[in-house]
Amino acid sequence: QVRLVESGGGLVQAGGSLRLSCAASGLTFTNYLLGWYRQAPGKEREFVARLTWYGGSTSYTDSVEGRFTISMDSAKNTVALQMNSLKPEDTAIYYCNVRSYNGIFDYWGQGTQVTVSS
């Protein structure tokens, strides 16, 4: 069974940092897109960051570019999101996503809460 488990969320002051981690089991990252999404209260889930399985290509939503960094450890089957200079508007539940390039396989974790206070 494929499982994605996020960790590392918490409460931080604006300007602080958090590092989220997603541990995957039941699959390998080869030919998968690895990503992070978030959903704030009352809002729809939005894309945050994405990484190719080999780590050679990344993309970010404009609001986090320059502050967040997505990375992977293929040996450990983990995906991380380093979040620096956090802002209150970053407050959301953050979800790990692993998706095959053809979209046939699309896996989600249960999410981890990130709260940034002013």
Side-chain angles (χ1 to χ4, degrees):
Q1 181 177 333
V2 174
R3 297 174 183 174
L4 303 178
V5 181
E6 301 96 335
S7 63
L11 173 64
V12 298
Q13 295 287 319
S17 298
L18 284 173
R19 184 178 177 86
L20 307 183
S21 181
C22 172
S25 61
L27 59 78
T28 59
F29 289 155
T30 303
N31 294 326
Y32 279 81
L33 294 170
L34 317 174
W36 287 93
Y37 291 72
R38 67 187 181 187
Q39 186 169 21
K43 298 182 179 179
E44 295 186 351
R45 190 172 300 186
E46 67 170 343
F47 165 79
V48 176
R50 182 172 57 245
L51 176 73
T52 56
W53 72 269
Y54 57 89
S57 180
T58 60
S59 62
Y60 301 89
T61 190
D62 288 344
S63 64
V64 309
E65 191 164 8
R67 299 187 297 120
F68 291 11
T69 303
I70 187 171
S71 62
M72 64 172 289
D73 185 335
S74 59
K76 297 181 179 180
N77 254 30
T78 58
V79 184
L81 184 68
Q82 179 66 45
M83 305 185 296
N84 299 324
S85 302
L86 284 162
K87 305 174 180 179
E89 50 263 45
D90 294 319
T91 295
I93 300 175
Y94 284 71
Y95 297 90
C96 177
N97 174 247
V98 178
R99 181 177 66 84
S100 62
Y101 283 90
N102 59 20
I104 293 176
F105 302 101
D106 193 9
Y107 305 105
W108 294 88
Q110 294 299 306
T112 184
Q113 177 70 50
V114 172
T115 302
V116 185
S117 62
S118 300

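All values below were derived from every heavy atom in this structure, side-chain atoms included, with hydrogens, water molecules and symmetry-related copies excluded.
Two residues are said to be in side-chain contact when any heavy atoms from C-beta on lie closer than 4.5 Å; L33 and T52 meet this criterion. When side chains are defined from C-beta on, F105 does not count as touching V2, because their heavy atoms never get closer than 4.5 Å. With contacts defined as side-chain heavy-atom distances shorter than 4.5 Å, the pair F68/T61 does not qualify. Between V64 and R38, some side-chain heavy-atom pair lies under the 4.5 Å cut-off. A 4.5 Å side-chain heavy-atom check between W108 and C96 finds every atom pair outside the cut-off. The shortest side-chain heavy-atom distance between M83 and R67 does not fall under the 4.5 Å cut-off.
By the criterion of side-chain heavy atoms lying less than 4.5 angstrom apart, applied directly or through intervening Ile, Leu, Val, Met, Phe, Trp or Tyr residues, L4 is not grouped with Y95; the two fall into different hydrophobic clusters.
Within a 6.0 Å radius of CD in Q110, other residues, nucleotides and ligands contribute 12 heavy atoms or fewer.
Under the rule for a salt bridge (charged side-chain N to carboxylate O under 4.0 Å, His left out), R99 has no partner lying at least two apart in sequence or in another chain.
A donor-acceptor contact closer than 3.5 angstrom links the side chains of R50 and S59.
A donor-acceptor pair under 3.5 Å is formed between the side chain of T91 and the backbone N or O of V116. Between the side chain of N97 and the backbone N or O of Y107 there is at least one donor-acceptor pair closer than 3.5 Å.
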Enumerate, atom names and distances included, each donor-acceptor pair closer than 3.5 Å involving a side-chain atom of residues 8-23, sequence neighbours excluded.
| residue | atom | partner | partner atom | Å |
| --- | --- | --- | --- | --- |
| Q13 | OE1 | S117 | OG | 3.4 |
| Q13 | NE2 | S117 | OG | 3.0 |
| S17 | OG | N84 | OD1 | 2.9 |
| R19 | NH1 | Q82 | OE1 | 3.4 |

